[in-house]
Amino acid sequence: MRYRVALHESEEGLSVWVPGLPGCVSQGKTEEEALANITDAVREYLDVALENAIGMGTSS
């Protein structure tokens, strides 16, 4: 799966987020680091979303 990311450069480095995944954000000192970090953040975001979806399908 591919997602578009948005980058914002500041004096501290780059912030990066995925507009299609609300709350999925990261940062890095370089573009390469920021993109690597957002890749990890997307994986974690989707893992949590899947866990929540599976959990909603079970009854206690």
Rounded to the nearest 0.5 angstrom, the CG-CD1 distance for Leu7 and Ile38 is 9.0 Å

When rounded to the nearest 0.5 Å, the distance separating NZ of Lys29 from CD of Gln27 is 10.0 Å

Of all heavy-atom pairs linking Val5 and Leu35, the shortest is CG2-CD2, 4.0 Å

Scanning both residues in full, the closest heavy-atom pair of Tyr45 with Cys24 reads CD1-CB, 3.6 Å

Exercise. Hey, quick one: are Leu21 and Trp17 part of the same hydrophobic cluster, counting side-chain heavy atoms closer than 4.5 Å, chains of contacts allowed?
Worked result: no

### Query
Do Met1 and Val48 belong together in a cluster built from hydrophobic side chains that touch within less than 4.5 Å?
no

**Q.** Other residues, nucleotides, ligands: >12 heavy atoms within 6.0 Å of Glu33 CD
**A.** yes

Same apolar cluster: Leu14 and Val25, side chain cutoff 4.5 Å:
no

Between the OG1 atom in Thr30 and the CD atom in Glu9, the distance rounded to the nearest 0.5 Å is 10.5 Å

